[in-house]
Number of protein chains: 2
Amino acid sequence: MTAARKPYVRLDESLLTDLPPFSKLSAREIREILDQASSRRYDEGVTVFEEGFDAGRFFLLLDGYVRVVRITPEGEQVIALHIPTGQLFGIAKALGHDTYPATAITAAESIVLSWPMHLWDDFVARYDGFATETYKTVGTRMKDMNNRVVEMATQQVEQRIACAILRLINQTGRKVDGGIEIDFPITRQDLSEMTGTTLHTVSRMLSAWEKQGLVSSARKRITVLKAHELVLLTGARG
Amino acid sequence: MTAARKPYVRLDESLLTDLPPFSKLSAREIREILDQASSRRYDEGVTVFEEGFDAGRFFLLLDGYVRVVRITPEGEQVIALHIPTGQLFGIAKALGHDTYPATAITAAESIVLSWPMHLWDDFVARYDGFATETYKTVGTRMKDMNNRVVEMATQQVEQRIACAILRLINQTGRKVDGGIEIDFPITRQDLSEMTGTTLHTVSRMLSAWEKQGLVSSARKRITVLKAHELVLLTGARG
DNA sequence: GGAATCTCTTGATCTAAATCAAATACCGTG
DNA sequence: CACGGTATTTGATTTAGATCAAGAGATTCC
């Protein structure tokens, strides 16, 4: 698990300079950080780390997409959140855990950097802005989760699915002709695991929306054609 | 809002020495911290701070109970979490927010200390262990919320209510003859807002459990008589 | 290129829990 | 202690969405 390989080529400083946790750092500092990193490419659907296991490393998603999931005793899977490109993940130490609290699986082919967890305290102490920016990310994720709890408690399935899709296109939308496409493969099943419903209901919903011209979808692909109308469905005021 | 008054009597150091964020500090440091604090008593059901408002202060619950809630555009209320005695709350700065992300309301008569938010960075920098312990709390809350998302997505109402009650008695249970009582007033409505259901369903559930001798309840009071059997209801394995 | 495997769609049925509707119990207070 | 406001209980009805069931396309793999 969480195997780490040394890079074949030297990683370039420019990879990190624009990412919030590193934005205040000098080229020398970034060099330092990169020299301690391992990089690895993952195929789609590969586990990066698993819930409950010793949190030996922390990660940065350089490219691709990662899904954070939890699995119930009954074997049902729930998708807790998606990590967009450029963010840290598996940062158990930052929250006082010593095992990973959830499982991370690539949702598309991905490039991941990682460092041994014992460097965490170093990074926090040594690098200006690293902690602050990291906790900002944590804060955002917490807010998102909070919103999900509220949604699950108060909204109907249709609204929840609309919210989930909008969240995805905001985070990962890729402009295509006449719409915005979620730029990694996503199944009806996935969407149901994000919204606490079944693949059947998601399928029906998407079919209905497709008839109304709101979205267009194919196998593992969803394109939103009329984002604004989807927003209306979520019941947002204003 | 969030009015703060100077204490009438000098606060005693012993108030903080046992609380995790302060446990590593010397008496002198704790004195320093207390001297900058304002303390205030709140009646039950009073708003301590409100979602969206400027996060001017951060808080420590010295005694009593605080509920963190969010209110939907439609006016529905969702209880995100309960703050147990001894914990920090309203720590927006720690997560990079500058407004409070939710509303805090006392669930019982409470005593609250507070400090101006601009001291936050000082505290983190100056006091050993303060940041670490605080983020541990954040981590725990995050884990809890995560669990709630999983519950809401996969469990039936009966299980969710059982979980919510068990969580409450774990955090705040007070031993009474033959059982454990939730030691602040809690209505069926409150429980429904914690589990995303209706007060009617909660009432029916509690009635049924009462018939089976699992719980005993009165107006705003719930006592768990057979905790273990409630645990079984949640569907926990093992 | 055909078999096996995923993924998606759609109809029919069922059910948990919401909603609707009243009645009842409880509590503080003037 | 009677009154008004809050909580709670319980029955009847409705419904959103799960479950059951079956097929049809895609994709991958021999």
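Throughout, protein chains are lettered first and strands after them, A, B, ... in sequence-line order, and every chain is numbered starting at 1.
Looking only at distances, a side-chain donor or acceptor of T103(B) sits under 3.5 Å from a matching main-chain atom of E51(B). No donor-acceptor pair under 3.5 Å is formed between the side chain of T187(B) and the backbone N or O of K220(B). Looking only at distances, a side-chain donor or acceptor of E210(B) sits under 3.5 Å from a matching main-chain atom of S217(B).
Distances from the side chain of S207(A) to the nucleotides dT10(C), dA18(D), dC8(C) place dT10(C) closest. Checked against dC8(C), dA17(C), dG17(D), the side chain of T201(A) finds its nearest nucleotide in dG17(D).
Between Y100(A) and F53(A), a ring centre-to-centre spacing not shorter than 6.0 Å is recorded.
Nearest-nucleotide positions on DNA chain D for R204(B) and Q189(B) put Q189(B) closer to the 5' end.
The distance from atom CD1 of I161(A) to atom P of dC8(C) is 13 Å, rounded to the nearest whole Å. Rounded to an integer number of Å, the gap from CD of Q155(B) to C1' of dA18(D) is 16 Å. In this structure, CG of D190(A) is placed 8 Å from P of dT7(C), rounded to the nearest angstrom. Atom CE in M152(B) sits roughly 20 Å away from atom P in dA16(C) (whole-Å rounding). Counting to the nearest Å, the C1' atom of dA16(D) and the CE atom of M205(A) are 11 Å from each other. Atom NE2 in H200(B) sits roughly 11 Å away from atom C1' in dA7(D) (whole-Å rounding). One interatomic measurement links the two molecules: CG of L199(A) to P of dT7(C), which rounds to 10 Å at whole-angstrom precision. Between Q156(A) atom CD and dA18(D) atom P the separation is 11 Å, expressed in whole Å.
Ring geometry for Y65(B) against F184(B) counts as parallel: the plane angle stays under 30°, on a 0 to 90° scale with 60° as the upper cut.
Judged by distance alone, with hydrogens and angles left aside, R188(B) brings no side-chain donor or acceptor close enough to the base of dT10(D) to form a pair under 3.5 Å. Applying the 3.5 Å distance criterion, the base of dT6(D) shares a donor-acceptor pair with the side chain of R219(B).
Using a 4.0 Å heavy-atom cutoff across all strands shown, S203(B) reaches at least one base atom of the nucleic acid.
At the phosphate of dA7(D), neither OP1 nor OP2 sits under 4.0 Å from any side-chain N or O atom of T187(B).
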